[in-house]
Amino acid sequence: MKGRGVFHMSPVRLMCGHELERELSRDGSHFSLSSGILPSLGARSNRKLKLRRFIISPYDRRYRAWETFLVILVVYIAWVSPFEFGFLEKSKGVLALLDNIVNAFFAVDIFLTFFVAYLDRTTYLLVDNRKQIAWKYLSTWFILDFISTIPSEIERRMLPHKFGSYGFFNMLRLWRLRRVSSLFARLEKDRSFNYFWVRCAKLICVTLFAVHCAGCFYYLIAARYHDPSKTWIGASMPDFHEQSMWVRYVTSLYWSITTLTTVGYGDLHAENTTEMVFDIVYMLFNLGLTAYLIGNMTNLVVHGTSRTRKYRDTIQAATGFAQRNGLPVRLQEQMISHLSLKYRTDSEGLQQQETLDALPKAIRSSISHYLFYNLVTSVYLFRGISNDMLFQLVSEMKAEYFPPREDVILQNEAPTDFYILVTGSVDLIDHRSGTEQKVRVAKAGDLVGEMGVLCYRPQLFTARTRSLCQLLRLNRATFLSIIQSNVGDGTIIINNLLQYLREQKDNPVMEGVLREIENMLARGQLDLPLTLCFAVIRGDDLLLHQLLRRGLDPDESDNNGHTALHIAASKGNEHCVRLLLDYGADPNCKDSDGVVPLWEAIVGKHEDVVSLLIENGAHLSSGDMGFFACTAAEQNSLELLEEIIRSGGSVTAPRKDGTTALHLAVCEGNAQIVEFLLEQGADIDKPDCQGWTPRTLADQQGHDEIKALFEAKKAHDSTAPPNGAASHRVTRYSSAPAIPHAKDDDFSWSKRDQRRSKTNFHNSLFGVISAARHVNKQSQNHSGMPLLRVTISCPEKGNTAGKLVLMPDSLRELLDIGSKKFGFVPSKVLTKEGAEVDDVKLIRDGDHLLLVSDAWKEGGVNL
């Protein structure tokens with residue numbers, strides 16, 4: 001990295017946590033935390049590990065195996081180096097040979113280290129620059145590694161005679177013990193090994209090494225002392241020089257272990273000043289070592305009992321609290337049982353939420369999806385919603401355990417959460433007149449508390465567990481925030497709720513809830529984001545009007561581009577279609593398949609809606625004519641093809657894949673439709689995407705009657721005068737595109753885009769609430785007056801039921817509307833009670849108005 005150091009660093013790659021674990025898992029290790037490797041911000045984990053030529057990765061499994069082999073050699077060095085230093089005067093026999101072999105292996109390791117990439121601790125980058133690797137090693141541990149590999153024979157020749165004791169330089173080989181320390185550090189974090197036994201093994205190794213070193217050093221003092229009889233071993237064993245090596249070594253270890261455990265000096269003790277000084281130093285060292293051993297062992301034992309002690313303290317505190325406050329016995333039992341269950345789940349590893357909270361959100365979401373996705377899919381409230389929303393809901397759910405006979409929800413409490421039952425069963429209890437009435441039993445896959453959350457009302461029932469239960473808890477605020485970004489799924493959820501309530505015919509409480517929810521829907525007061533599509537699906541023109549008055553985009557669409565006008569046209573709901581058109585819905589809006597509302601009305605054979613759409617500027621040609629014609633041909637519907645022609649469409653246009661209605665009619669073998677299409681000018685030689693023409697299809701399938709029609713068509717075309725093109729207007733370029741009129745195209749699309757930018761707010765929970773407060777401000781026409789919906793009728797013409805219309809800006813315009821609707825010229829506007837209306841400001845939303853002439857007498861018609 002230029003400008004940050006002496007050398008230019010070659011950043012090989014960033015090692016992220018899961019990537020490092022994957023690399024280490026290849027050699028059977030799980031030491032992902034041992035190296036202390038952390039990724040820098042912005043690290044990318046999907047880049048392949050690629051080093052320079054001849055550079056070794058420190059995570060390569062072959063290099064890991066080499067390091068493991070060296071650790072075994074270090075264990076040998078930890079024993080032999082102090083032994084040779086204390087008991088041997090010169091190299092001889094097998095030990096000398098083994099020392100040189102071991103030194104050779106470590107010499108090879110020194111050479112390899114110059115080619116092993118290292119991790120820069122400031123940038124956490126693997127550095128594979130040879131110069132940087134060499135400099136780092138030479139400036140750190142190279143000197144000690146090199147000296148510790150020098151053979152003992154060479155050492156004696158290099159040093160003066162008084163320092164030439166065998167093994168003096170071999171003691172430097174103990175520097176290699178750092179490898180054993182790193183090994184234990186990795187094993188402590190390796191989930192394949194029990195932490196307790198790894199710690200115990202480490203403590204035993206430390207103790208044995210300390211005892212071994214002290215015994216060897218203490219024997220060296222006695223062996224080099226000028227008067228052997230005045231030494232610790234010579235006082236009790238005058239001829240110890242003639243004793244076997246085994247006897248001397250065991251005696252040294254005996255003294256060392258008794259001194260370490262503070263049970264000595266009965267038979268072996270210091271005899272001279274040098275030994276006394278060594279004993280003082282060794283016993284001071286023992287103080288620290290003993291404290292280290294006792295402290296570690298105490299922590300290991302206490303760790304296994306601390307959870308039980310904490311549980312007992314918690315139970316005692318809860319019991320004292322309940323007694324001081326005089327809580328009922330049943331409430332005390334619920335407290336104790338809940339705390340006991342929490343202890344059991346913690347100790348047995350059943351509490352999943354604590355484990356999940358310690359993980360990143362992506363891993364938590366993946367685990368929750370794996371554990372609970374199938375369950376949540378089967379819940380009645382979420383049937384039919386998108387996978388995206390299901391994944392979001394599952395990710396936010398919290399798994400909890402409840403013991404038997406514990407209240408999960410209390411009747412009339414605030415609706416903050418609702419639950420999905422995973423295992424066990426729950427009683428739903430209704431408290432009335434001081435008695436408990438069991439409403440029903442909820443089992444796995446059922447919802448508890450959803451009525452209060454969805455309708456924002458006090459909880460209907462008390463939910464009490466019958467057995468040990470696991471439940472998924474979802475917070476109301478979180479649930480509603482997810483629905484705000486999935487408005488279409490919110491509509492499905494409300495439909496599922498209403499359908500569920502309608503099925504509860506035997507439950508009077510649920511019937512009352514259904515009536516209340518339907519009233520809330522009619523008044524637009526449900527605390528959930530509602531869409532125009534939801535109102536149209538229900539056929540509720542009153543709710544549709546309420547939503548439109550609040551400023552919702554009349555061209556609001558779902559993920560497939562399907563608008564409320566499409567749905568209303570397909571259902572033949574003339575009132576909803578009229579309302580949407582009055583509020584500016586685009587009559588030629590297309591969905592993702594190119595379908596327009598007029599086509600939906602034609603397919604559904606809703607003639608009144610078809611006429612209404614055409615009156616408001618709907619054109620079938622605005623949609624995908626090829627798709628319409630092919631659909632009619634696939635259905636073998638000549639009537640539908642004729643309706644396309646009557647509506648100004650074309651039945652010869654191709655589909656996106658080049659297929660025409662004539663292709664499909666030939667495949668169906670329908671000669672009648674083929675003849676009709678030929679009369680409309682269908683091309684018998686137009687190929688589809690695979691090169692098939694209607695003529696070749698007829699030949700391939702052997703439709704003789706259709707082939708005869710094609711031959712007649714060909715003969716007719718050959719005799720026709722070639723002047724048909726003269727009637728067409730000639731343009732400068734044959735491929736010049738048609739420029740749409742600004743009024744019909746640019747304006748409508750820009751306005752739709754502008755309205756859609758506001759849809760998110762008005763469709764959200766806060767938009768619905770704020771719309772109720774600012775309805776007057778949001779529902780005004782261009783003149784500043786409220787948009788009112790009134791019913792007009794003409795008693796003179798025998799019309800008493802009336803027609804629902806939007807109130808215009810003036811009474812004159814209202815009279816003109818009545819003239820068109822009823823076919824006569826009214827002159828006055830009266831209320832239902834017979835009072836004449838002089839000013840449009842007197843009219844309120846929902847009024848019933850009578851349009852009459854001057855000759856009409858009041859009371860002439862009984863309303």
Side-chain angles (χ1 to χ4, degrees), residues 384 488 491 495 531-541 544 554-581 585-670 672-677 679-682:
T491 302
N495 282 329
T531 63
L532 301 180
C533 295
F534 172 72
V536 173
I537 290 173
R538 288 172 50 84
D540 192 340
D541 56 337
L544 178 64
D555 290 326
E556 169 193 288
S557 62
D558 58 15
N559 296 333
N560 297 320
H562 220 54
T563 66
L565 190 58
H566 283 90
I567 300 173
S570 65
K571 289 181 170 291
N573 194 320
E574 185 179 357
H575 290 295
C576 290
V577 171
R578 189 180 299 276
L579 270 173
L580 290 166
L581 293 173
D586 183 6
N588 294 310
C589 56
K590 296 188 296 184
D591 63 10
S592 58
D593 294 326
V595 176
V596 294
L598 182 57
W599 173 250
E600 297 279 11
I602 291 174
V603 172
K605 299 180 180 181
H606 306 302
E607 297 179 359
D608 294 338
V609 176
V610 171
S611 301
L612 180 60
L613 288 170
I614 294 176
E615 289 176 5
N616 286 268
H619 303 287
L620 198 62
S621 57
S622 301
D624 188 347
M625 294 304 307
F627 175 78
F628 302 155
C630 290
T631 301
E634 286 176 340
Q635 297 177 3
N636 291 314
S637 175
L638 180 60
E639 180 184 357
L640 200 54
L641 289 170
E642 292 173 344
E643 186 64 32
I644 292 175
I645 298 298
R646 284 195 295 270
S647 301
S650 171
V651 295
T652 61
R655 217 162 44 186
K656 294 179 181 179
D657 59 357
T659 304
T660 64
L662 188 58
H663 284 89
L664 298 174
V666 172
C667 293
E668 295 289 337
N670 195 321
Q672 184 181 10
I673 291 181
V674 170
E675 183 178 6
F676 175 79
L677 292 173
E679 292 174 356
Q680 301 301 321

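- Within the structure, every pair that satisfies the ring pair (Phe, Tyr, Trp, His ring centres under 6.0 Å) test and touches residues 625-650, not counting sequence neighbours, is listed here: W599-F628.
- In this structure the side chain of L581 reaches within 4.5 angstrom of the side chain of L613, judged on heavy atoms.
- Among residues at least two apart or in separate chains, there is no side-chain hydrogen bond (donor to acceptor under 3.5 Å, both in side chains) pair with a member in residues 604-613.
- Sorted by first then second residue, the salt bridge (Lys or Arg N to Asp or Glu O under 4.0 Å) pairs that include residues 627-638, not counting sequence neighbours, are E634-R655.
- In this structure, the side chains of V609 and E600 stay at 4.5 Å or more apart for every pair of heavy atoms.
- Atoms CG and OG1, on L677 and T660 in that order, are 8.0 Å from each other to the nearest 0.5 Å.
- The CG atom of L565 sits 8.5 Å away from the CG atom of D586 when rounded to the nearest 0.5 Å.
- In this structure D591 satisfies the side-chain hydrogen bond (donor to acceptor under 3.5 Å, both in side chains) test together with H562, sequence neighbours excluded.
- Note on residues 612-633: pairs passing side-chain hydrogen bond (donor to acceptor under 3.5 Å, both in side chains), not counting sequence neighbours, are N588-S622.
- Between L664 atom CG and Q635 atom CD the span is 11.5 Å, to the nearest 0.5 Å.
- In this structure, H566 and C533 have side chains that are not in contact, with every pair of non-hydrogen atoms separated by 4.5 Å or more.
- Put simply, CG on L638 and CG on N670 are 8.0 Å apart, with the number rounded to the nearest 0.5 Å.
- Checked against ring pair (Phe, Tyr, Trp, His ring centres under 6.0 Å), H663 has no partners two or more places apart in sequence or in another chain.
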